[in-house]
Student: 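Starting off with a structure, shown below.
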Amino acid sequence: MQFCVECGSMMHTAGDTWVCRSCANEEPRDSQAETAMATRDVQRDDGAPAVADATQGTTETMQEPCPADDCDSDRAYYEMMPKPGGSYEVRLFTCVECGHKWRES
């Protein structure tokens, strides 16, 4: 994917040039740079990124019962994390007693 240096819009190819969809700016194609670009078909999914417990190590907890069968704690550290696509956030919890992790969306 190539973006126009003039207006920032996405460009498309036309032969040996990139052409801006908005302002008609043209730039020569660079085959070496295009070879280094990854397409969605070859991208690797390494799983979910590691998430740090934002409130762990602090005194900031909330009343939330632990869903673990062998734990009766009602306090958890929590973190708000945007859901992919940005439609809303997910709350990630970690039990202060047993360390069990769960989420609420």
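Excluded from the calculations below are hydrogen atoms, water molecules and symmetry mates; all remaining heavy atoms, backbone and side chain alike, are included. Just so we're clear, the structure is a prediction, and the values are computed from it rather than from any experiment.
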Student: Got a second to check how far Y78's OH is from M62's CE, nearest 0.5 Å?
Tutor: 6.5 Å
Student: Quick one, T17 with E27, criterion side-chain contact (heavy atoms from CB on, under 4.5 Å). Give me CA distance, side-chain angles, the key distance, then yes/no.
Tutor: CA-CA 6 Å; T17 60; E27 298 177 18; over 6 Å; no
Student: Can you tell me how far SG of C95 sits from CH2 of W102, rounded to the nearest 0.5 angstrom?
Tutor: 5.5 Å
Student: C98 versus D70: any side-chain heavy-atom pair under 4.5 Å?
Tutor: no
Student: Rounded to the nearest 0.5 Å, how far apart are CH2 of W18 and CZ of R29?
Tutor: 6.0 Å
Student: Roughly how far apart are E79 CD and L92 CG, rounded to 0.5 Å?
Tutor: 5.5 Å
Student: So, taking the atom named OG in S22 and the one named CE in M11, what distance separates them when rounded to the nearest 0.5 Å?
Tutor: 10.0 Å
Student: Is a side-chain N or O of H12 found less than 3.5 angstrom from the main chain of V19, in a donor-acceptor match?
Tutor: yes
Student: Are any of the side-chain heavy atoms of T94 and H100 separated by less than 4.5 Å?
Tutor: no
Student: Evaluate R75 against E97 for side-chain contact (heavy atoms from CB on, under 4.5 Å), listing each step before the verdict.
Tutor: CA-CA 8 Å; R75 302 298 300 174; E97 296 292 324; over 6 Å; no
Student: For side-chain contact (heavy atoms from CB on, under 4.5 Å), just list the numbers for S73 and V96, CA-CA rounded to whole Å, side-chain angles, deciding distance to a tenth of an Å, and then say yes or no.
Tutor: CA-CA 8 Å; S73 174; V96 297; 3.8 Å; yes
